[in-house]
*Asks:* 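Please read through the structure below; I'll follow up with questions.
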Amino acid sequence: GPDGALYIADFYNPAAVHNDTRGPKHGPTNAALRPDRDHLHGRVLRLQHKQAKVLPSTDFASVAGLIKALEHPNRWARLTAQRLLVECKQGAAELAGLLKSSAKPEARVLALWTLQRLGALAGAELAGALGDADGGVRKNAARVAALTGKDHGVKKALLEKLDDADPRARLEKIVALAAYPLNAEAASALIKLSATLQDVYSRSAIVGALAASPVESLLAALDAGDKALVESLAENAGGRQDAELAARLLTGLAAKAGAAAELKAAALGRLSRALRADVAPAVTPDLRQALEGLLGSGNPVLVSATVPFAARWVKDDSMSKSLGPVAAVLIAAIGDGSKTEEERLQNLQAALSLPQARARAFEASTALLSPAASADLQKGTIEILGALNDPGTAGVFIGAYRKIAGLSRELVLGQLFKRPEWTLALLTELENGGLKPGDRGPSAIFRLRTHPDKAVAQRSGKVLDALLGSSAKAKDPII
């Protein structure tokens, strides 16, 4: 409260509960209709220290008093003074002076926000606050800067001390830059900073700020050699499901001379995974040339990362000559234990994108779903297969379910439930005795019976009743 005491509002009511599960009737808002619910009485308790400090008096009747109250030790008094200044629309000059002269950071923060709400905050004042000695003031100044996004001097101040010693202030400065037009200077500063950061929040904010110019930013990140940033930017661009943007990214990567093939492949791999298979741009001469150049690069990693785009985007057989020899290489790479897990997954995705190689890719994927494979390799394989709308995927998942355990098994089951036709394949396997109902667990059985597809739910009920009927009948007398 305004005196520094703690105030407690007490129902003083034996029926403080809203939804009573013990059986009384409930009203239209689901509140229990209880005769002992007291609507008339209550208590307010005041808890104060035995040696409470005497707080200075406040003058809320004058502008000078309100300005002084912004430095009051009590938060309620400070916020009340701020509210009254905004409501009366006065005190801009005094607030500007307080922002520069107050020794209390909390008062400088309130002066900053009050000026912003009055529409009286000058760019030079905001730029000065961004360099304040207190991290909390710098953080709030950055948050205010994010609301403006116009003043060149403020943007310059953000860039000058972007790598703030205070992590929260640094994060807010990165977020604020996203509100300003992204130029080469800002992109360079963000990319340089990204390589030094460890926390995922700041790195994510950098991706968001750079996303304003996705192609230029990704190519600049390639020059910097920051693989994590390259992958994040490519994934962000793919998540937009913009066919024209995807084509510009691929063309830009193909034309980027001097960049490491592994970085290009990493960008293409993330772009391919994030982009839906039905998102396809018009195949222009420039795009075709870019695809052919990447496929003919001679680098196995880069070729495998390019194959999904050629398979999805080029609808005719004009690139069959370029894709033909690639299939066998991709299949062999999937089972090559000397390659990294990322490379094996990328080759799997590429092989699955080729209709003529898909059956062999399904067969090769079983090695990635074996108990000997790592949990990360199993998870990546499950995600890639799950994104493919092909009837053959259900058979791979059912076969894997018999062998793997733990979280990977649950992931496989989740994928089988995702598409009705795959769930029906699971039910057929149950009927034929290839799987036992008990292997699924009660949660999976419940999900089968309550499947969102009504036809699947009905079929599940019949199959499970036939398989579990005896146990259900034995349970009925007990219940």
*Asks:* For the CD atom on Q289, are there more than 12 heavy atoms of other groups (residues, nucleotides or ligands in this structure) within a distance under 6.0 Å?
*Replies:*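 Result for CD/Q289: open.
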*Asks:* Please report the C-alpha distance between D465 and R449 in whole Å, then the side-chain angles of each, then the deciding distance to 0.1 Å, and finally whether the salt bridge (charged side-chain N to carboxylate O under 4.0 Å, His left out) criterion is met.
*Replies:* CA-CA 10 Å; D465 285 345; R449 290 186 182 276; 3.1 Å; yes
*Asks:* Checking K227 against E342 for the salt bridge (charged side-chain N to carboxylate O under 4.0 Å, His left out) test, could you report, in this order, the C-alpha distance in whole Å, the side-chain angles of both residues, the deciding distance, and whether it holds?
*Replies:* CA-CA 13 Å; K227 183 181 179 182; E342 185 177 351; 3.4 Å; yes
*Asks:* Testing the basics here: between A209 and A178, what is the closest heavy-atom pair and its distance to 0.1 Å?
*Replies:* CA-CB, 3.8 Å
*Asks:* Passes side chain to side chain contact (heavy atoms under 4.5 Å, CB included), L121 versus T114? Steps please.
*Replies:* CA-CA 9 Å; L121 181 62; T114 309; over 6 Å; no
*Asks:* Please check if the side chain of S217 supplies one atom and the backbone of L210 the other of a donor-acceptor pair under 3.5 Å.
*Replies:* yes
*Asks:* Under 3.5 Å, is there a donor-acceptor pair linking the side chains of S338 and D336?
*Replies:*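 Side-chain D/A pair, S338 to D336: present.
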*Asks:* Check D390 with R358, please: is the shortest side-chain N to carboxylate O separation under 4.0 Å?
*Replies:* yes
*Asks:* Salt bridge or not for D166 and R168, using N-O below 4.0 Å?
*Replies:*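 So D166 does not pair with R168 through a salt bridge.
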*Asks:* Check whether E262 reaches the backbone of V301 with its side chain - one donor and one acceptor, N or O, closer than 3.5 Å.
*Replies:*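 Checked: no pair found.
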*Asks:* Does S408 have any side-chain hydrogen bond (donor to acceptor under 3.5 Å, both in side chains) partners at least two apart in sequence or in another chain, and if so, which?
*Replies:* Q378
*Asks:* Does the side chain of L354 reach to within under 4.5 Å of the side chain of L330, using non-hydrogen atoms?
*Replies:* yes
*Asks:* Is the number of heavy atoms from other residues, nucleotides or ligands under 6.0 Å of R360 CZ greater than 12?
*Replies:* yes
*Asks:* Does the side chain of L294 reach to within under 4.5 Å of the side chain of L250, using non-hydrogen atoms?
*Replies:*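 Side chain of L294 against side chain of L250, heavy atoms only: contact under 4.5 Å found.
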*Asks:* Please tell me if the side chains of Q198 and R203 come closer than 4.5 Å, counting only heavy atoms from C-beta onward.
*Replies:* no
*Asks:* Would you confirm whether D132, through its side chain, and G128, through its main-chain N or O, come within 3.5 Å as a donor-acceptor pair?
*Replies:* no
*Asks:* For side chain to side chain contact (heavy atoms under 4.5 Å, CB included), just list the numbers for F309 and V314, CA-CA rounded to whole Å, side-chain angles, deciding distance to a tenth of an Å, and then say yes or no.
*Replies:* CA-CA 8 Å; F309 297 100; V314 182; over 6 Å; no
*Asks:* Does K379, at its NZ atom, have more than 12 non-hydrogen atoms belonging to other residues, nucleotides or ligands within less than 6.0 Å?
*Replies:* no
*Asks:* Check the surroundings of atom CZ in R75: do more than 12 heavy atoms from other residues, nucleotides or ligands lie under 6.0 Å from it?
*Replies:*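 Counting other residues, nucleotides and ligands, CZ of R75 stays at 12 neighbours or fewer.
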*Asks:* Can you tell me if W313 uses its side chain to pair, donor with acceptor, with the backbone of L287 under 3.5 Å?
*Replies:*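 Checked: no pair found.
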*Asks:* Distance from L95 atom CG to S102 atom OG, nearest 0.5 Å?
*Replies:* 11.0 Å
*Asks:* With rounding to the nearest 0.5 angstrom, report the CD to CD distance, Q415 to E410.
*Replies:* 12.5 Å
*Asks:* Please determine whether side chain to side chain contact (heavy atoms under 4.5 Å, CB included) holds for the pair I334 and I331, giving the CA-CA distance in whole Å, both sets of side-chain angles, and the decisive distance to 0.1 Å.
*Replies:* CA-CA 5 Å; I334 295 170; I331 298 298; 4.3 Å; yes
*Asks:* Would you say that D453 contacts T423 through its side chain, given a criterion of any heavy-atom pair below 4.5 Å between the two side chains?
*Replies:*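 Not in contact.
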*Asks:* Flag the pair L369 / K403 as yes when at least one side-chain heavy-atom distance between them is below 4.5 Å, and no otherwise.
*Replies:* no
*Asks:* Counting distance only, does the side-chain N/O of T366 pair as donor-acceptor with the main-chain N or O of E363 below 3.5 Å?
*Replies:*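 Answer holds: yes.
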*Asks:* Determine yes or no for a side-chain-to-main-chain donor-acceptor pair under 3.5 angstrom, with Q241 supplying the side chain and A274 the backbone.
*Replies:*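 Judged by distance alone, yes, a pair lies under 3.5 Å.
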*Asks:* Hey, is the main chain of L424 close enough, under 3.5 Å, to the side chain of T428 for a donor-acceptor pair?
*Replies:*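 Yes, because the side chain of T428 sits within donor-acceptor range (under 3.5 Å) of the backbone of L424.
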*Asks:* Quick check: does any side chain N or O of H451 sit under 3.5 Å from a backbone N or O of S460, one acting as donor and the other as acceptor?
*Replies:* no
*Asks:* For A146 and A176, work out which heavy atoms get closest and say how close.
*Replies:*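 Residues A146 and A176, closest heavy atoms: CB-CA, 3.7 Å.
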*Asks:* Roughly how far, to the nearest 0.5 Å, is the OG1 atom of T393 from the CG atom of L388?
*Replies:* 4.5 Å
*Asks:* Taking 4.0 angstrom as the limit, do R108 and D134 come out as a salt bridge?
*Replies:*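 Result for this pair is no, no salt bridge flagged.
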*Asks:* Kindly indicate whether the side chain of K256, heavy atoms from C-beta on, has any atom under 4.5 Å from the side chain of K264.
*Replies:*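 Touching, per the 4.5 Å side-chain cut-off.
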*Asks:* Any non-hydrogen side-chain atom of Q349 less than 4.5 Å from a side-chain atom of T381?
*Replies:* no
*Asks:* Evaluate side chain to side chain contact (heavy atoms under 4.5 Å, CB included) for L177 paired with L159, printing each intermediate quantity in order.
*Replies:* CA-CA 8 Å; L177 273 179; L159 289 171; 3.7 Å; yes
*Asks:* How far apart are the closest heavy atoms of I191 and A221, and which atoms are they?
*Replies:* CD1-N, 3.8 Å
*Asks:* I'd like to know if the side chain of T251 reaches the main chain of A247, judged simply by a donor and an acceptor atom lying under 3.5 Å from each other, with no hydrogens or angles considered.
*Replies:*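 Confirmed, T251 side chain pairs with A247 backbone.
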*Asks:* What are the two closest non-hydrogen atoms of L118 and L85, and how far apart are they?
*Replies:*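 So the minimum-distance heavy-atom pair works out to CD2-O, 3.8 Å.
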*Asks:* Measuring from atom CG of L268 to atom CG of L249, what distance do you get when rounded to the nearest 0.5 angstrom?
*Replies:* 9.0 Å
*Asks:* Measure the CG-OG distance between L182 and S213 for me, rounded to the nearest 0.5 Å.
*Replies:* 4.5 Å
*Asks:* Among R170, K139, K173, find the residue that satisfies the salt bridge (charged side-chain N to carboxylate O under 4.0 Å, His left out) test when tested with D164.
*Replies:* K173
*Asks:* Heavy atoms only: give me the nearest V303-L295 pair and the separation to one decimal.
*Replies:*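 V303 and L295 have their closest heavy atoms at CG2-O, 3.4 Å.
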*Asks:* Using modelled atom types only, decide if a donor and an acceptor are shared between the side chain of K315 and the backbone of R312 within a distance under 3.5 Å.
*Replies:*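 Yes: the side chain of K315 pairs with the backbone of R312.
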*Asks:* As an exercise, state the distance from OG of S202 to CG of L197, rounded to the nearest 0.5 Å.
*Replies:*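 So the OG of S202 and the CG of L197 are separated by 5.5 Å.
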*Asks:* Over all heavy atoms of both residues, which pair between A394 and W422 is shortest? Give the atoms and the distance, please.
*Replies:*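 Minimum heavy-atom contact is CB-CD1, 3.7 Å.
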*Asks:* Are the side chains of V144 and L115 in contact, using a 4.5 Å heavy-atom criterion?
*Replies:* no
